[in-house]
Chemist: 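Please find one structure pasted underneath; my questions will follow.
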Amino acid sequence: MSVNERRLRWRLPAAFESELTGRRVHSVGRRAKYLLVRTDQGTLLVHLGMSGSLRVLKPDALRLPHDHVEIVLDSGRCIRFNDPRRFGSMHFIQGDPETHALLRHLAPEPLSAAFDANYLWAATRGRRVAIKLLIMNAALVVGVGNIYASEALFRARLSPRRAAGRLTRAEVARLVVAIKRVLAAAIKAGGTTLRDYVGTDGSPGYFRQKLFVYERDGAACFVCGAPVRHAVQGQRSTYWCPSCQR
DNA sequence: CCTCCCCCCTGCGCGC
DNA sequence: TGCGCGCAGGGGGGAG
């Protein structure tokens with residue numbers, strides 16, 4: 001394997017290559033947005049951040065700018081980690097990954113049975129923060145990024161600016177269903193390519209065609225025709241239909 | 001504990 | 001065509 005750029009979200013330690021070299025991959029998993037590559041002796045944690053990608057290539061494949069890490073496999077292929085913005089990260093860790101500081105405090109997976117109306121009801125009580133910010137908080141539920149937060153709130157007909165603690169029981173139940181449905185549909189479509197997201201074979205995702213509000217500022221709502229609104233919450237763009245969402 | 005705000009970094013599209 | 005500005009799929013960390 002080889003490293004061209006150590007300055008990712010966290011600097012790769014000097015021992016990174018030597019610890020990873022020769023390891024045998026047992027299985028591949030995921031927790032929140034961290035990929036877990038379990039080996040015979042340690043786990044590779046990968047986060048793609050905003051602009052990161054992993055491509056599976058032949059070792060002689062053309063090098064692109066920002067190909068920071070290359071891992072060569074026994075199969076004769078290699079995996080390249082590319083990340084222009086370097087918000088992504090890699091760690092090679094020992095022991096149970098769930099106990100690692102980055103994973104230990106993560107909330108339930110949104111598609112799991114643990115994330116249900118009862119859970120979200122209890123988790124929102126007494127919270128004054130806007131519901132959009134709360135569903136993007138990994139201490140409450142993981143995996144809901146900026147696109148899907150807006151899209152789930154549209155499907156649940158809830159304003160992103162509502163105080164979380166003031167949602168009714170029925171609204172909380174709608175939101176749980178909407179989050180699960182929007183994520184499942186996006187996964188089925190291969191994700192949402194806005195600019196540079198690609199799958200391991202370099203192909204884009206097609207969920208962008210199914211977005212109701214994200215990046216549709218000023219355009220007509222597909223349901224009611226009212227202009228879609230845009231605002232900034234927590235330094236991130238939010239989009240919603242002020243007529244459909246209350 | 002909660003809430004708010006900052007930052008890490010490069011690339012791209014826009015207005016002038 | 002060139003330049004400056006604002007904004008972009010995330011999320012850790014610290015101040016108050």
Side-chain angles (χ1 to χ4, degrees), chain A residues 4-12 30-35 45-55 64-69 81-91 93 100-107 109-110 122-154 160-166 179 182-183 185-200 202-218 230-239:
Chain A
N4 297 315
E5 176 58 81
R6 316 193 80 81
R7 295 171 303 164
L8 307 182
R9 175 89 209 266
W10 288 281
R11 188 180 188 85
L12 292 174
R30 178 193 60 76
R31 177 74 175 100
K33 292 183 180 175
Y34 290 93
L35 308 176
L45 276 188
V46 183
H47 197 296
L48 300 176
M50 296 270 252
S51 57
S53 63
L54 293 171
R55 284 134 56 226
L64 298 182
H66 312 295
D67 275 348
H68 302 316
V69 177
F81 173 76
N82 182 287
D83 188 6
R85 294 178 72 180
R86 287 190 270 125
F87 286 4
S89 66
M90 285 188 162
H91 292 81
I93 62 172
H100 189 271
L102 290 173
L103 304 187
R104 198 181 333 169
H105 302 292
L106 292 175
E109 291 287 333
T124 50
R125 291 313 90 189
R127 302 294 297 271
R128 314 222 275 193
V129 67
I131 187 62
K132 195 241 184 182
L133 296 180
L134 201 59
I135 60 175
M136 289 181 67
N137 181 346
L140 189 113
V141 61
V142 300
V144 183
N146 199 39
I147 296 175
Y148 304 125
S150 282
E151 293 299 312
L153 286 161
F154 176 83
R161 309 210 268 202
R162 288 276 297 281
R166 308 197 73 145
I179 288 171
V182 76
L183 291 177
I187 290 165
K188 197 173 169 189
T192 305
T193 297
L194 296 176
R195 282 160 274 275
D196 46 23
Y197 166 76
V198 291
T200 54
S203 64
Y206 297 101
F207 197 68
R208 189 175 193 182
Q209 299 162 225
K210 306 210 171 144
L211 299 177
F212 283 94
V213 289
Y214 192 83
E215 285 195 335
R216 296 197 63 245
D217 187 16
H230 169 262
V232 174
Q233 291 180 288
Q235 297 81 237
R236 313 293 300 276
S237 272
T238 299
Y239 302 86

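Heavy-atom basis, side chains included; hydrogens, waters and symmetry copies ignored. Below, chain A is the first sequence line, B the second, and so on; all start at residue 1.
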Chemist: Using a 4.5 Å cut-off on heavy atoms from C-beta on, say whether the side chain of A/L8 contacts that of A/F81.
Modeler: yes

Chemist: Please enumerate all residues that pass side chain to side chain donor-acceptor pair (under 3.5 Å) together with A/Y148, with sequence neighbours excluded.
Modeler: A/T192

Chemist: Looking at residues at least two apart in the chain, or sitting in another chain, which of them share a side chain to side chain donor-acceptor pair (under 3.5 Å) with A/D67?
Modeler: A/R55, A/R80, A/N82

Chemist: With heavy atoms under 4.0 Å as the rule, sort A/F207 into base, sugar-phosphate or nothing.
Modeler: nothing

Chemist: Have a look at A/S51 and say if it touches a base, only the backbone sugar-phosphate, or nothing, with a 4.0 Å heavy-atom cut-off.
Modeler: nothing

Chemist: Without decimals, in angstroms, what is the distance between A/E215 CD and B/dG13 C1'?
Modeler: 12 Å

Chemist: In whole angstroms, how far is the C1' atom of C/dG11 from the NZ atom of A/K33?
Modeler: 9 Å

Chemist: Taking A/S89 for its side chain and A/R9 for its backbone only, find out whether a donor-acceptor pair lies under 3.5 Å.
Modeler: no

Chemist: Nearest 0.5 Å please: distance from the NZ atom of A/K132 over to the CD atom of A/Q233.
Modeler: 5.5 Å

Chemist: In whole angstroms, how far is the P atom of C/dG11 from the CD1 atom of A/I135?
Modeler: 14 Å

Chemist: With sequence neighbours left out, write down each residue that passes side chain to side chain donor-acceptor pair (under 3.5 Å) with A/S51, or none if nothing qualifies.
Modeler: A/D83

Chemist: Using whole Å, what does the distance between atom C1' of nucleotide C/dG6 and atom CG of A/D217 come to?
Modeler: 14 Å

Chemist: Going by heavy atoms in the side chains, are A/L153 and A/T238 under 4.5 Å from each other?
Modeler: no

Chemist: Could you give the CG-to-C1' distance, from A/L106 to C/dG11, as a whole number of Å?
Modeler: 11 Å

Chemist: Rounded to the Å, how far apart are A/K132 NZ and C/dG10 C1'?
Modeler: 12 Å

Chemist: Between A/A130 and A/P160, what is the shortest heavy-atom contact and its length?
Modeler: CB-O, 3.5 Å

Chemist: If you restrict it to nitrogen or oxygen atoms, what contacts under 3.5 Å exist between nucleotides 14-16 of chain C and the protein, and what is each distance?
Modeler:
none

Chemist: Once you round it to whole Å, what is the distance between C1' of C/dC7 and CD of A/Q233?
Modeler: 17 Å

Chemist: Scan A/L103, A/L45, A/L102 and name whichever one has a side chain to side chain contact (heavy atoms under 4.5 Å, CB included) with A/I93.
Modeler: A/L45

Chemist: Are there any protein N/O atoms within less than 3.5 Å of an N/O atom in nucleotides 8-11 of chain B, and if so, which ones and at what distance?
Modeler:
| from | atom 1 | to | atom 2 | distance (Å) |
| --- | --- | --- | --- | --- |
| B/dC9 | O4' | A/R85 | O | 3.4 |
| B/dC9 | O3' | A/R86 | NH2 | 2.8 |
| B/dC9 | O2 | A/R85 | NE | 2.9 |
| B/dT10 | OP1 | A/R86 | NH2 | 2.8 |
| B/dT10 | O4' | A/P84 | O | 3.3 |
| B/dT10 | O3' | A/H66 | NE2 | 3.3 |
| B/dG11 | OP1 | A/H66 | NE2 | 2.6 |

Chemist: Check DNA chain C against residues 139-150 of chain A and give the residues with a non-hydrogen atom under 4.0 Å, in numerical order.
Modeler: A/G145, A/N146, A/I147

Chemist: Check salt bridge (charged side-chain N to carboxylate O under 4.0 Å, His left out) between A/R236 and all other residues, then give those that pass, not counting sequence neighbours.
Modeler: none

Chemist: Between A/K210 and A/E151, does any side-chain N to carboxylate O distance fall below 4.0 Å?
Modeler: no

Chemist: Please enumerate all protein N or O atoms sitting under 3.5 Å from an N or O of nucleotides 2-6 of chain B, with distances to 0.1 Å.
Modeler:
| from | atom 1 | to | atom 2 | distance (Å) |
| --- | --- | --- | --- | --- |
| B/dT3 | OP1 | A/R128 | N | 3.0 |
| B/dT3 | OP1 | A/V129 | N | 3.4 |
| B/dT3 | OP2 | A/R127 | NE | 3.0 |
| B/dT3 | OP2 | A/R127 | NH2 | 2.9 |

Chemist: Near A/R166 CZ, under 6.0 Å, is it more than 12 heavy atoms from other residues, nucleotides or ligands?
Modeler: no

Chemist: Take atom P in C/dC3 and the same atom in B/dC9, then report the distance between them in whole Å.
Modeler: 24 Å

Chemist: As a check on the pairing definition, encode DNA chain B in dot-bracket form, counting Watson-Crick and G-U wobble pairs whose two distances are under 3.5 Å, and using | for partners outside this strand.
Modeler: .|||||||.|||||||

Chemist: Return all side-chain donor-acceptor pairs below 3.5 angstrom for residues 133-145 of chain A, not counting sequence neighbours, or 'none' if the list is empty.
Modeler:
| from | atom 1 | to | atom 2 | distance (Å) |
| --- | --- | --- | --- | --- |
| A/N137 | OD1 | A/A139 | N | 2.8 |

Chemist: Can you check the A/Y197 OH to C/dG10 P distance for me, whole Å?
Modeler: 13 Å

Chemist: Could I get the full list of salt bridge (charged side-chain N to carboxylate O under 4.0 Å, His left out) partners for A/R195, not counting sequence neighbours?
Modeler: A/E215

Chemist: Could you work out, with salt bridge (charged side-chain N to carboxylate O under 4.0 Å, His left out) as the rule, every residue matching A/R86, not counting sequence neighbours?
Modeler: none

Chemist: Can you check whether A/S237's main-chain N or O pairs, donor with acceptor, with A/N146's side chain at less than 3.5 Å?
Modeler: yes

